[in-house]
Amino acid sequence: QVQLVEFGGGSVQVGGSLRLSCAASGDTFNYKRMGWFRQAPGKEREGIATIYIPAGVTDYADSVKGRFTISQGNAENTVYLQMNRLKPEDTAMYFCAARSGGYWSGVWSGYDSWGQGTQVTVSS
C-alpha cells in the first residue's frame, strides 16, 4: 500500500475553479494507476478521473468530461485534479486513490489505497 494525502478542497462559486493535489508516499513502486473519486451525502461513491501513469492515458466520467483534467506533476509522487466550470452538483467529498499493476475489471475498480478526503462545496 501507499499513503495518500489530498490538498486543495474548499468553497467556490458556480463557474469557478479549484485544483486538488494528491501526494503519495511509502511503497509506490508497484502502483500504476491513480484516480479521483467523489461521494456526496446519500449517493454512491463515483469515479470521476483516472490516469495510467506509465503511458499517461486518462479516462473521465461523463459528468466531468471537458471540465476536469487529471495530470501528473513533475514529481512522480504527485497527481492533480484541475476542476473548471464548477457546478452545484460537483459538491462532494473528493478522494485520491491508487491501485497496483495487474489485471482489473475496469479503470474504476481495484483501488486499495485511499486518501482521507477533501471537501469541495460549490455555491450558486
Side-chain angles (χ1 to χ4, degrees):
Q1 298 86 1
V2 297
Q3 293 75 54
L4 305 173
V5 180
E6 302 100 333
F7 303 90
S11 298
V12 66
Q13 294 286 102
V14 170
S17 298
L18 286 173
R19 189 171 84 159
L20 306 183
S21 302
C22 176
S25 61
D27 188 8
T28 63
F29 181 78
N30 291 326
Y31 285 81
K32 303 299 183 183
R33 181 173 291 277
M34 302 289 294
W36 287 96
F37 295 73
R38 68 185 182 187
Q39 186 169 23
K43 300 181 68 175
E44 295 293 320
R45 185 170 60 193
E46 174 191 19
I48 56 172
T50 184
I51 182 169
Y52 182 65
I53 293 173
V57 177
T58 60
D59 291 277
Y60 298 93
D62 289 342
S63 58
V64 306
K65 190 173 184 178
R67 299 188 297 119
F68 292 9
T69 303
I70 187 171
S71 62
Q72 190 174 3
N74 292 331
E76 293 186 357
N77 63 343
T78 304
V79 66
Y80 301 103
L81 183 68
Q82 180 66 47
M83 309 165 65
N84 297 327
R85 303 193 303 279
L86 284 160
K87 305 175 180 179
E89 52 262 43
D90 295 321
T91 296
M93 185 74 73
Y94 284 71
F95 299 89
C96 178
R99 80 178 191 188
S100 62
Y103 296 96
W104 302 100
S105 61
V107 301
W108 306 116
S109 64
Y111 296 84
D112 60 4
S113 296
W114 296 83
Q116 82 286 357
T118 185
Q119 179 68 39
V120 172
T121 302
V122 184
S123 301
S124 61

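Side chains are part of it too, since the values below use all heavy atoms of this structure and drop only hydrogens, waters and symmetry mates.
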Nearest-0.5 Å distance, CD1 of residue Ile53 to CG of residue Asn77: 10.0 Å
Sidechain-backbone polar pair: Glu6 side chain, Cys96 backbone, donor-acceptor under 3.5 Å: yes
If we only count heavy atoms from C-beta on, is the Asp112 to Tyr31 side-chain gap below 4.5 Å? yes
Pairs meeting criterion side chain to side chain donor-acceptor pair (under 3.5 Å) with involvement of residues 88-98, two or more places apart: Arg38-Asp90, Arg38-Tyr94, Arg67-Asp90
The test is side-chain contact (heavy atoms from CB on, under 4.5 Å); show your working for Phe7 and Thr118 and say whether it passes. CA-CA 7 Å; Phe7 303 90; Thr118 185; over 6 Å; no
Rounded to the nearest 0.5 Å, the CD atom of Gln3 sits from the OG1 atom of Thr28 at a distance of 10.0 Å
Side chain to side chain, Ile70 and Tyr60, heavy atoms closer than 4.5 Å: yes
When you measure from the side chain of Arg85 to the backbone N and O of Gly66, does any donor-acceptor pair fall under 3.5 Å? yes
Student check: side-chain heavy atoms of Phe68 and Leu86 closer than 4.5 Å: yes
Are the side chains of Met34 and Leu81 in contact, using a 4.5 Å heavy-atom criterion? no
Hey, does the side chain of Arg19 reach the backbone of Gly8 with a donor-acceptor pair shorter than 3.5 angstrom? no
Give, for atom CE of Met83 and atom OG1 of Thr69, the distance between the pair rounded to the nearest 0.5 Å. 11.0 Å
Tell me, do Phe95 and Leu4 make a side-chain contact under 4.5 Å, heavy atoms counted? no
Closest approach of Trp104 to Ser109 (non-hydrogen atoms, all atoms of both residues): CB-OG, 4.0 Å
Could you tell me the separation between the CD1 atom of Ile51 and the NZ atom of Lys32, rounded to the nearest 0.5 Å? 13.5 Å
Gly9 and Val120 have their tightest heavy-atom pair at CA-CG2, 4.3 Å
What closest approach, in Å, do Gly117 and Met93 show between heavy atoms, and which atom pair accounts for it? C-SD, 3.7 Å
Are the side chains of Tyr111 and Arg33 in contact, using a 4.5 Å heavy-atom criterion? yes
Is there a donor-acceptor contact under 3.5 Å from the side chain of Tyr52 to the main chain of Asp59? no
Straight-line distance of Thr58 OG1 to Lys65 NZ, nearest 0.5 Å: 9.0 Å
Val107-Tyr80 co-clustered via ILVMFWY side chain contacts under 4.5 Å: no
Output the distance between atom CZ (Arg99) and atom OG (Ser113), rounded to the nearest 0.5 Å. 12.5 Å
Using a 4.5 Å cut-off on heavy atoms from C-beta on, say whether the side chain of Val14 contacts that of Pro88. yes
Mind checking whether Trp114 and Ile48 sit in one hydrophobic cluster, side chains of I, L, V, M, F, W, Y counted as touching below 4.5 Å? no
